[in-house]
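Excluded from the calculations below are hydrogen atoms, water molecules and symmetry mates; all remaining heavy atoms, backbone and side chain alike, are included.
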Amino acid sequence: MTSERLTGVPASPGRAVGTVVRMPARVAEPSTSRLTGSADDAVRAVEDAAARVEADLAERAGRASGTAADVLAVTAAMAADPTLAAGAARRVREDHLTPERAVWDAAGSVANQLEILGPPMSERARDVRDVRDRIVAALTGAAPPGVPDPGHPFVLVASDLAPADTAMLDPAVVTAIVTARGGPTSHMAILARALGIPAVVALPGANDLADGEELVVDGTLGAVLRAPSADDVARARRSVTAATFDGRGITRDGSEVELVANVADPAAAQAAAAAGARGVGLFRTEFCFLGRGEEPSVEEQVTAYRAVLSHFPGQRVVVRTLDAGADKPLRFLTPDHEDNPALGVRGLRTAVAHPDVLDRQLDAIARAAAAETAEVWVMAPMVSTVDESRDFAAACAAHGLEQPGIMIETPAAALQARHLLAEVSFASLGTNDLTQYTMAADRDLAGVAVLSTPWQPAVLELVRVASEGGALHGAPVGVCGEAAADPLLAPVLVGLGVTSLSMTPRALADVAGTLAGVSRDECVELARAVLECSTAQAARDLARERLLT
């Protein structure tokens, strides 16, 4: 059989060789047969099944760490969502549906509403359907959704993959992921990068891949090779090397680039330190708040933050204040309903109605910083105006936090960076949201996955403008979005003026290795050439040609 090359969208870098194991079919849609027994018993059965699913997901969250734990906690909360339970109960009592059919229809209604809202809430529609399948399986005794276990390493192929399944993958068993749907900044892709599993998404022909056939998967280039030759396999296996990271990013001519880690909880901080990271460029504080009905106390927050800071004595840790809203709603903080939550009250905007929550968090961060030796910087998410930048700096100063910063996630913030950075000490580019807002493309929708890449010329131009805005004030501008973990993109970002790259710890060695092969001047020249490209594909191809040949 002649080799066949398929091209999709790169989602998680790296190369792997393996045989295909397809994700099992989802739980079958229940029949529309009518309820014959007690409605009260049926409602109780739904509640019991939902509680069991919630407990299972919560237990998985407890065993996971970092982003995986956050995703599982949010999915567990969906199983306990009173809207879903109430919708199912109403269908049992009024429409006389069986428990499983009532859950199916109620979840379908919720998922459809989320899809209408657009990104990022539309990303949650798949998660709702995943919870639906788990509850239906619990009600009917069917096998719940889950990754197969053939007893040997394999390439997992699926139409799509729910974050709840991705979060628990074992990289020693699942050597690569290939999906027909999804996008490069979806939660599934982010989890794959965190786990170090090469992944290609939105691959035409993925549904035709058969169990048992051999593939070479290149997550850096977004390519899948069917029926590879012996030479193809040998080359791919030689490229899978155990790169190491000594804590520094240095170009070939000795210019240093700060390479640090993204962390989401104490366990992730410990893993980052063990991987050689000499600091944190993004400490997500949501783990203290997610899955709770009320705000954690200042004392609880201090304890949690110290558990992260303690792993980086004498090193910089950039703490991001609570990024609630949109796909991370909190009952005590964010609105119950917004027609378009992606453009609504999220990030720093929650402080307008609830300044006390931000005040208490800054108090906790300051107390944790005083108790540890880490160098603590603090930044606010979803900043778009000079007033927001100035007000946040003042709030930090009131708590003795001397290094205030902002996230640049909107085109407005990037274009006005020279003004915003006159008010604060630093900025960090969140390239996931910056790409989504710039391209008006749902980051989890396969139909627009080709748009959802930081290689887009418009996105790279905004990175350049933001970096120049920081340079005017001597303010560092880093990247903490998933773009920082792309070994091909890293030299381009450096050439655009980015001062630091913060990423999943698993990517540190590969990014450091790429930077070691180029000089600072070559990074600048590469960035200049990439900016002249008219398409994202042309930009990526140019970088690949110059860096890999």
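Between the side chains of Q456 and T435, not a single donor N or O lies within less than 3.5 Å of an accepting N or O. Looking at W104 and D133, their side chains never bring a donor and an acceptor atom within 3.5 Å of each other. For the residue pair Q537/D541, the side-chain donor-acceptor check at 3.5 Å is satisfied. Using modelled atom types, one finds a donor on one side chain and an acceptor on the other under 3.5 Å when comparing S502 with N262. Side-chain polar atoms of S229 and D232 form a donor-acceptor pair below 3.5 angstrom. There is no side-chain donor-acceptor pair under 3.5 Å between Y305 and E300.
Nearest heavy-atom pair across R93 and A39 is NH1-CB, 4.2 Å. Of all heavy-atom pairs spanning S159 and T179, the tightest one is O-CB, 3.9 Å. When all heavy atoms are compared, the tightest approach of M379 to S428 is SD-CB, 3.6 Å. Here the closest non-hydrogen pair linking L35 and A42 is CD1-CB, 4.0 Å. Taking every heavy atom of both residues into account, L156 and P148 meet most closely at CD1-CD, 4.2 Å. Taking every heavy atom of both residues into account, G281 and C480 meet most closely at O-CB, 4.3 Å.
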Audit row: M503, L282, side-chain contact (heavy atoms from CB on, under 4.5 Å) steps and yes/no
CA-CA 8 Å; M503 65 202 75; L282 172 62; over 6 Å; no
Query - Chi angles and distances behind the salt bridge (charged side-chain N to carboxylate O under 4.0 Å, His left out) call for R101, E29 - result: CA-CA 8 Å; R101 186 70 215 189; E29 179 177 352; 2.9 Å; yes
For this session: Report the C-alpha distance between T19 and E213 in whole Å, list the side-chain angles of each, state the deciding distance to 0.1 Å, and finish with yes or no for side chain to side chain donor-acceptor pair (under 3.5 Å).
Result: CA-CA 5 Å; T19 55; E213 69 171 291; over 6 Å; no
Run R284 and D265 through salt bridge (charged side-chain N to carboxylate O under 4.0 Å, His left out) and show every step you take.
CA-CA 7 Å; R284 303 179 178 98; D265 60 21; over 6 Å; no
For this session: For the pair V17 and V155, evaluate side-chain contact (heavy atoms from CB on, under 4.5 Å) and give the outcome as yes or no after the intermediate values.
Result: CA-CA 8 Å; V17 178; V155 174; over 6 Å; no
Going through the checks in order, is the side-chain contact (heavy atoms from CB on, under 4.5 Å) test met by R320 and E286? CA-CA 9 Å; R320 184 182 69 187; E286 289 75 47; 2.9 Å; yes
Notebook entry, point to check: Between V9 and V200, is a side-chain contact (heavy atoms from CB on, under 4.5 Å) present by the stated rule, with each step listed?
Noted result: CA-CA 6 Å; V9 176; V200 177; 5.9 Å; no
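Looking at S38, its side chain does come within 3.5 Å of a backbone N or O of D41 through a donor-acceptor pair. Looking at Q270, its side chain never comes within 3.5 Å of a backbone N or O of A267 through a donor-acceptor pair. Proximity of a side-chain donor or acceptor of R506 to a complementary backbone N or O of A194 within less than 3.5 Å is detected. Between the side chain of E409 and the backbone N or O of P381 there is no donor-acceptor pair closer than 3.5 Å.
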Show which side-chain atoms of residues 83-92 pair as donor or acceptor with protein atoms under 3.5 Å away, not counting sequence neighbours.
{"residue": "T83", "atom": "OG1", "partner": "D81", "partner atom": "OD1", "Å": "3.4"}
{"residue": "R91", "atom": "NH1", "partner": "G87", "partner atom": "O", "Å": "3.1"}

Mind listing the side-chain donor-acceptor pairs of residues 48-55 below 3.5 Å, one per line with the distance, residues two or more places apart or on another chain?
{"residue": "D48", "atom": "OD2", "partner": "R52", "partner atom": "NE", "Å": "3.1"}
{"residue": "D48", "atom": "OD2", "partner": "R52", "partner atom": "NH2", "Å": "3.2"}

Do any side-chain atoms of residues 164-176 form donor-acceptor pairs under 3.5 angstrom with protein atoms, and if so which ones, sequence neighbours left out?
{"residue": "D165", "atom": "OD1", "partner": "R134", "partner atom": "NH2", "Å": "2.9"}
{"residue": "T166", "atom": "OG1", "partner": "A162", "partner atom": "O", "Å": "3.0"}
{"residue": "D170", "atom": "OD1", "partner": "A172", "partner atom": "N", "Å": "3.0"}
{"residue": "T175", "atom": "OG1", "partner": "F154", "partner atom": "O", "Å": "3.2"}

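Note: L225 CG to E4 CD = 9.0 Å, rounded to the nearest 0.5 Å. From S33, atom OG reaches atom NE2 of H96 across 14.0 Å, with rounding to the nearest 0.5 Å. Expressed to the nearest 0.5 Å, how far CD of Q436 lies from OG of S452 amounts to 7.0 Å. Of the inter-residue distances, the one linking L97 atom CG with T32 atom OG1 reads 8.5 Å to the nearest 0.5 angstrom. Distance check, rounded to the nearest 0.5 Å: CG of D105 to CZ of R132 gives 9.5 Å. Rounded to the nearest 0.5 Å, atoms CG (L348) and CG (L358) are 6.5 Å apart.
Counting heavy atoms from C-beta outward, R226 and L6 have side chains that approach closer than 4.5 Å. Annotation: side chain of D510 is not in contact with side chain of P13 (no heavy-atom distance under 4.5 Å). Looking only at side-chain heavy atoms (C-beta outward), D433 and T410 stay at 4.5 Å or farther from each other. Within the 4.5 Å cutoff, the side chain of L209 has heavy atoms near those of the L215 side chain. Using a 4.5 Å heavy-atom threshold, the side chains of V157 and V21 count as separate. Between V217 and R15 the shortest side-chain heavy-atom distance does not fall below 4.5 Å. Between M407 and M382 the shortest side-chain heavy-atom distance does not fall below 4.5 Å. For the pair I177/L161, a side-chain contact is recorded, criterion being any heavy-atom separation below 4.5 Å from C-beta on.
Salt-bridge formation is not detected for the pair D95/R34: no Lys NZ or Arg NE/NH1/NH2 atom is positioned less than 4.0 Å from an Asp or Glu carboxylate oxygen. A salt bridge links D56 to R60: at least one charged side-chain nitrogen sits closer than 4.0 Å to a carboxylate oxygen. Using a 4.0 Å cut-off between a side-chain N of Lys or Arg and a carboxylate O of Asp or Glu, R22 and D211 do not qualify as a salt bridge.
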